[in-house]
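Each chain gets a letter, A, B and so on, in the order the sequences are listed, and its residues count up from 1. Keep in mind that this is a model prediction, so the values were computed, not measured.
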Protein chains: 2
Amino acid sequence: MAVAKPQSTRRSRPQERPLTLTPAARRILDVAGDLFYTRGINTVGMELVAERAEVTKKTIYDRFGSKQRLVVEYLRERDARWRAHLTGHVERADDSPRARVAATYDALDTWMGQENQRGCAMVNAYAELSDPDHPGRAVAEEQKRWLRDLYTGLAARTGAEDPRELADALAMLHEGAVVARNVTGVADAARIARSAADALVTARMAPTDQA
Amino acid sequence: MAVAKPQSTRRSRPQERPLTLTPAARRILDVAGDLFYTRGINTVGMELVAERAEVTKKTIYDRFGSKQRLVVEYLRERDARWRAHLTGHVERADDSPRARVAATYDALDTWMGQENQRGCAMVNAYAELSDPDHPGRAVAEEQKRWLRDLYTGLAARTGAEDPRELADALAMLHEGAVVARNVTGVADAARIARSAADALVTARMAPTDQA
DNA sequence: AGGTAACCACACCGGTCGGTATACTCGCGA
DNA sequence: TCGCGAGTATACCGACCGGTGTGGTTACCT
């Protein structure tokens, strides 16, 4: 065991040095990403990361400077991977708002099948990093804002009266599906969310656009 | 700082002693509940709990036996409070499935306004307690199952073709609203979820029941 | 040839973790 | 009066935390 303290209050961030991703650093980040996601950020010590990456702690600190930084890089990378996954699905879909909304839930479905066995990494990190100044929180917030904006754009194209509100509802189905699958064990959560989203779009669509 | 380890593998649970809630134990549980929720379970040490409850660690261990047990009791109590809050709202609503569904989101709204500034305690605990054997996880799972069943009952009364699926969608809006409010900062998340839920019920309702 | 970046091994730091042990006091009910 | 449950205070346990410092070895770039 061992675990505690109010989380380093690194106030007034000292501007980020750019990070050189040497081979060892690459290994460290991979290992840390896996461990942080599956076991939780706070329960994984640097010693363990070092051991798994076959690297000394010294090397980790030479490359990343602090655990906080390593955590932030883990979140950033995961966020980027998720965005790429989602936008890939969306762009391959038909260019209709309805099809594209559906595509977001398909993306979620495949994502959850592969690398999301422990819920949303951003939401988990948000739960674990209780210090409001931890820069990892900003990464999570940004991802959620991004998804919301994506939905807002699509919602606007449906002709909905209040695109923002529709977008928020679609985002809720999205996040809720992750919880349903992860905690409640609903295997086809993404499919259900997709179907509900479609019904919602229909209900909110401008009447003239109904087809 | 300090935080780590794969989380005590207390396998084959040694049957729970019933807990005597002495005045000190009451204080301990209150303090622990507050700290665990606001700072996270893993970042709060027993030393801090003892200090805040104006009690020695000895007393905590005499009453609760272990941190794990204290965590479980915290989750149970919070779960019970939440269920009471929600059922209170539901029972005070008109006895129509539509009104009762709406009432669940109203309950969420007032709940989030008062004592849910850091998201859903069950979801957070699920994120923090990565050991699949930690009994705290079961408490979270049970709450989500309960909510799902509650929605299933209401959905059945709407005459929906697939009550389970409608119920899951309603639960997703529910959980999603918590994330939206907490991470994305959507102030009227509960209201939006309520409105979306209502539209969804309308869409899924048996055509003959439309009113 | 010299410099430097990237790594290794290893020892060490103060501090905290969850949990235990010993010994003592107080108030209550039989 | 006696015992006991609930509490106090304090010291301690081994383990682990995040992080640093020293010194040495490659390998590549100029």
Side-chain angles (χ1 to χ4, degrees), chain A residues 1-10 14 17-29 31-32 35-36 39-74 128-129 131 134-136, chain B residues 1-10 14 17-29 31-32 35-36 39-74 128-129 131 134-136:
Chain A
M1 212 82 355
V3 159
K5 257 311 198 35
Q7 255 141 29
S8 58
T9 319
R10 192 90 73 249
R17 294 185 348 261
L19 254 202
T20 332
L21 221 52
T22 63
R26 182 65 267 156
R27 245 157 45 228
I28 292 162
L29 198 44
V31 162
L35 287 172
F36 286 160
R39 301 198 193 182
I41 293 167
N42 289 333
T43 55
V44 169
M46 297 300 264
E47 210 102 43
L48 178 62
V49 174
E51 185 192 311
R52 293 288 187 94
E54 296 182 274
V55 141
T56 56
K57 270 207 289 181
K58 185 66 169 43
T59 302
I60 300 184
Y61 280 91
D62 284 349
R63 293 303 128 230
F64 295 91
S66 68
K67 182 177 183 179
Q68 180 176 260
R69 182 71 195 274
L70 182 57
V71 167
V72 168
E73 293 305 326
Y74 145 62
E128 285 204 87
L129 309 176
D131 177 357
H134 196 296
Chain B
M1 211 84 353
V3 159
K5 258 312 196 37
Q7 255 140 25
S8 58
T9 319
R10 191 92 71 249
R17 294 186 348 262
L19 256 204
T20 332
L21 219 54
T22 62
R26 183 65 268 156
R27 245 156 46 226
I28 291 162
L29 197 45
V31 162
L35 288 171
F36 286 159
R39 301 197 193 181
I41 293 166
N42 288 332
T43 55
V44 169
M46 297 300 265
E47 211 101 45
L48 178 61
V49 174
E51 187 192 310
R52 293 289 187 94
E54 296 181 273
V55 140
T56 57
K57 271 209 288 183
K58 181 68 167 47
T59 302
I60 300 184
Y61 280 92
D62 283 349
R63 291 305 126 229
F64 294 91
S66 69
K67 182 178 183 180
Q68 181 176 258
R69 181 71 194 275
L70 182 59
V71 168
V72 169
E73 294 304 326
Y74 145 62
E128 285 204 87
L129 309 176
D131 177 358
H134 196 296

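Listed by chain and number, the residues in a ring-ring contact (aromatic ring centres under 6.0 Å, His included) with B:F64 amount to none (sequence neighbours excluded). Annotation: salt bridge (Lys or Arg N to Asp or Glu O under 4.0 Å) contacts of B:E47 (sequence neighbours excluded): B:K57. Taking A:R52 as the reference, nothing meets the salt bridge (Lys or Arg N to Asp or Glu O under 4.0 Å) condition, with sequence neighbours excluded.
The side chain of B:Y61 sits closest to C:dG19 out of D:dA6, C:dA6, C:dG19. When each of D:dA6, C:dA6, D:dG18 is scored by its nearest atom to the side-chain atoms of B:R63, the top-ranked nucleotide is D:dA6.
With rounding to whole Å, A:E47 atom CD is found 13 Å from C:dC13 atom C1'. The distance from atom CG of A:L21 to atom P of C:dA5 is 17 Å, rounded to the nearest whole Å.
The rotation axes computed at either terminus of the helix from C:dA1-D:dT30 to C:dA30-D:dT1 lie 0° apart, taking five pairs at each end and rounding to 10 degrees.
Considering only side-chain N and O atoms, B:T22 lies under 4.0 angstrom from the phosphate OP1 or OP2 of D:dG7.
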Every protein N/O lying under 3.5 Å from an N/O of nucleotides 8-11 of chain C:
residue : atom : partner : partner atom : Å
C:dC8   : OP1  : A:E54   : O            : 3.0
C:dC8   : OP2  : A:T56   : N            : 3.4
C:dC8   : OP2  : A:T59   : OG1          : 2.8

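When A:L35, A:V31, A:I41 are each tested for a side-chain contact (heavy atoms from CB on, under 4.5 Å) with A:Y74, only one passes: A:I41.
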remark   = Scoring nucleotides 25-30 of chain C by protein non-hydrogen atoms under 4.0 Å (B base, S sugar-phosphate only, - none) yields ------
